[in-house]
Each structure stands twice: as C-alpha cells, then as structure tokens.
Undergrad: 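Please read through the structure below; I'll follow up with questions.
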Amino acid sequence: MPPENRHVSPYSTKEKTGRLLWAVVQATVFRFSFHTCNRWRIFLLNVFGAKVHSSCIIRRSVRVTCPWNLSMGRNSCLGDEVIAYCLGTMTIGERVSVSQHAHLCAGSHDYTKQELPLLRPPITLNNDVWVAADAFVGPNVVIGEGAILGARAVAMKSLDAWTIYVGNPAKPVKSREIPS
C-alpha cells in the first residue's frame with residue numbers, strides 16, 4: 001500500500017492498550033458492581049487515571065471513554081446510561097448533576113480537511129450545573145456555574161452562568177437566582 005494511503009491512528013499504542021484494558025474492566029467489574037458501590041467504581045476510574053472525588057455518585061451503567069481525561073469535583077453525579085466520551089479533557093465541577101442518558105462528547109473531527117482528523121476539544125461543567133435527561137453537550141463547550149441544560153437540549157456552544165437553556169440548539173429561557 002502506498003504510504004499516502006496508509007491510515008495513521010490518532011491513538012498511541014499506550015492509549016490503545018489503556019482503552020482496551022479499560023473496556024474489559026468497564027464491561028465486567030464496573031458494570032456488574034452492586035448499584036450502591038460508588039466508591040468501587042470511583043476507585044476503578046481513578047486507577048485508570050481519572051480524578052474523581054470520593055463523594056461522587058457514578059452509576060454502574062455509565063460509559064466512560066478514556067477515563068484518564070475525566071475529573072469530577074465533590075458531590076457530583078453521573079446518572080444511569082450517561083455517556084462520557086472523554087477523548088479530550090472533561091472537567092466536571094462540584095455539585096454537578098448529569099442526568100440519565102445525557103451525552104457529553106469531548107471529541108470531533110476537522111470537517112475542513114479531507115482526512116477528517118480527530119479533534120479532542122475539552123468540555124467543562126462548572127460548579128452547580130445540571131445537565132438534564134437525554135441532553136447533549138458537544139466538544140469545546142463550557143457550561144457556566146449554576147446553568148441548567150434542559151431535557152433533550154443540545155449545547156454546541158458555551159452556556160452562560162445561572163441561566164436555564166432548552167431546545168436544539170439550546171437557547172436561554174430564564175435566569176436562575178444565585179443562592180445566597
């Protein structure tokens with residue numbers, strides 16, 4: 001095969017190995033752990049390089065890609081069937097709730113190039129954020145402190161603090177009062 005036609009993986013051998021090992025762990029001892037075994041799941045994520053605080057809640061049906069790119073602050077939660085596609089860094093602050101079936105996608109492709117090279121832009125969910133059920137957060141999005149992304153809403157751009165967003169694309173509908 002001519003060199004110009006060879007596919008070059010965007011992943012290093014170390015990352016491929018880590019992803020394979022994590023896939024085995026996630027599909028077995030993570031997924032089949034008892035539903036209250038949050039500390040066990042946090043331990044497993046942290047063994048694979050995540051920085052998840054011990055007070056977090058991680059449901060056993062959560063799917064995390066590249067856990068070494070995930071960090072979560074105190075008292076945050078990833079609900080049932082959440083997808084945390086952490087190709088880029090994913091920073092989740094304190095007291096953040098990511099509800100069931102939400103999808104956090106820190107990966108994309110450069111559509112301006114024929115090869116569609118992989119991009120790994122970060123996602124940041126600041127403190128006191130709520131990403132409601134079935135919502136989607138795209139790459140390179142920062143959700144401001146205290147913001148709410150409503151059920152099934154799609155955030156492809158950053159969201160302002162203390163604001164409620166709904167729809168596709170997400171639009172602001174109401175301000176939230178900042179707690180005293």
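Given the structure is predicted, the values throughout are model-derived calculations rather than measurements.
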Undergrad: Heavy atoms only: give me the nearest Ile58-Val52 pair and the separation to one decimal.
TA: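 Scanning both residues, the minimum pair turns out to be CD1-CG1, 4.3 Å.
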Undergrad: Can you give each donor-acceptor pair under 3.5 Å made by side-chain atoms of residues 8-16, sequence neighbours left out, with the distance rounded to 0.1 Å?
TA:
unit_1: Ser9; atom_1: OG; unit_2: Tyr11; atom_2: N; d: 3.1
unit_1: Ser9; atom_1: OG; unit_2: Tyr11; atom_2: O; d: 3.4
unit_1: Tyr11; atom_1: OH; unit_2: Arg19; atom_2: NH1; d: 2.9
unit_1: Ser12; atom_1: OG; unit_2: Glu15; atom_2: N; d: 3.0
unit_1: Glu15; atom_1: OE1; unit_2: Arg120; atom_2: NH1; d: 3.2
unit_1: Glu15; atom_1: OE1; unit_2: Arg120; atom_2: NH2; d: 3.2
unit_1: Glu15; atom_1: OE2; unit_2: Arg120; atom_2: NH1; d: 3.0

Undergrad: For this output row, return yes or no: ring centroids of Trp22 and Phe30 closer than 6.0 angstrom.
TA: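 For Trp22 and Phe30, the ring centres are under 6.0 Å apart.
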Undergrad: Would you check if the side chain of Ser76 reaches a backbone N or O of Val96 as a donor-acceptor pair within less than 3.5 Å?
TA: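 Pair found, side chain donor or acceptor close to backbone of Val96.
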Undergrad: So with a 6.0 Å cut-off around CZ of Arg176, is the heavy-atom count from everything else above 12?
TA: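 Counting other residues, nucleotides and ligands, CZ of Arg176 exceeds 12 neighbours.
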Undergrad: May I ask you to test the Leu104-Leu125 pair for a side-chain heavy-atom distance under 4.5 Å?
TA: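 SC-SC contact between Leu104 and Leu125 confirmed.
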Undergrad: Using atom types as modelled and distance alone, determine if a side-chain donor or acceptor of Asp128 lies under 3.5 Å from a backbone N or O of Glu145.
TA: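 No.
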Undergrad: Only counting residues at least two apart or in another chain, list the ones meeting side chain to side chain contact (heavy atoms under 4.5 Å, CB included) with Val47.
TA: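 Result, side chain to side chain contact (heavy atoms under 4.5 Å, CB included) vs Val47: Phe43.
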Undergrad: Around Arg95, counting heavy atoms of other residues, nucleotides and ligands shown, do more than 12 lie under 6.0 Å from its CZ?
TA: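 Counting neighbours around CZ of Arg95, more than 12 heavy atoms of other residues, nucleotides or ligands fall under 6.0 Å, so yes.
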Undergrad: Under 4.5 Å between side-chain heavy atoms, hopping through other hydrophobics if needed: is there a path connecting Val131 to Ile164?
TA: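 Val131 and Ile164: separate clusters.
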Undergrad: Of all the heavy-atom pairs spanning Phe32 and Ala27, show the shortest one and how long it is.
TA: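 Closest approach of Phe32 to Ala27, heavy atoms only: CE1-O, 3.3 Å.
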Undergrad: Which pair of non-hydrogen atoms, one from Ala106 and one from Pro121, has the smallest distance, and what is that distance?
TA: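 What the structure gives for the nearest pair is CB-O, 3.4 Å.
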Undergrad: Are Val141 and Val64 connected, step by step, through hydrophobic side chains (Ile, Leu, Val, Met, Phe, Trp, Tyr) whose heavy atoms are closer than 4.5 Å?
TA: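 Same cluster.
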Undergrad: Quick one: are Met90 and Leu70 in side-chain contact, heavy atoms under 4.5 Å?
TA: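 Yes, side chains in contact.
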Undergrad: Hey, are the side chains of Met156 and Pro169 touching, using non-hydrogen atoms and a 4.5 Å cut-off?
TA: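 Answer no - side chains too far apart.
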Undergrad: Which atom names give the shortest non-hydrogen contact between Asn38 and Cys56, and what distance separates them?
TA: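 Minimum heavy-atom separation between Asn38 and Cys56: CB-O, 3.9 Å.
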Undergrad: Give a yes or no on whether Val29 and Leu21 share a hydrophobic cluster (residues Ile, Leu, Val, Met, Phe, Trp, Tyr; joining criterion: side-chain heavy atoms under 4.5 Å apart).
TA: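 Same cluster.
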Undergrad: Please say yes or no: joined through hydrophobic side-chain contacts below 4.5 Å, possibly via intermediate residues, are Leu119 and Ile123 part of one cluster?
TA: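 As far as the 4.5 Å side-chain criterion goes, Ile123 and Leu119 are not connected within one cluster.
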Undergrad: Contact between Leu78 and Ile92 at the side-chain level, heavy atoms closer than 4.5 Å - yes or no?
TA: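 SC-SC contact between Leu78 and Ile92 confirmed.
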Undergrad: Quick check: is Val154 connected to Val98 through a chain of hydrophobic side chains (ILVMFWY, heavy atoms under 4.5 Å apart)?
TA: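 Unlinked, Val98 and Val154 end up in two clusters.
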Undergrad: Considering only heavy atoms from C-beta outward, does the side chain of Gln100 approach that of Glu81 to under 4.5 Å?
TA: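 Sidechains of Glu81 and Gln100: no contact.
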Undergrad: With sequence neighbours left out, which residue pairs that include part of residues 63-117 fulfil the ring-ring contact (aromatic ring centres under 6.0 Å, His included) condition?
TA: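 Pairs touching residues 63-117 that pass the test: His103-Phe136.
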Undergrad: How about CH2 on Trp130, more than 12 heavy atoms from neighbouring residues, nucleotides or ligands closer than 6.0 Å, or not?
TA: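 No - once you tally the heavy atoms of other residues, nucleotides and ligands closer than 6.0 Å, there are 12 at most.
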Undergrad: Counting only heavy atoms not in Gln114 (residues, nucleotides, ligands), do more than 12 fall under 6.0 Å from its CD?
TA: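 At most 12 heavy atoms, drawn from other residues, nucleotides or ligands, come within 6.0 Å of this atom.
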Undergrad: Would you say that Asn69 contacts Leu87 through its side chain, given a criterion of any heavy-atom pair below 4.5 Å between the two side chains?
TA: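 No; the side chains remain at least 4.5 Å from each other.
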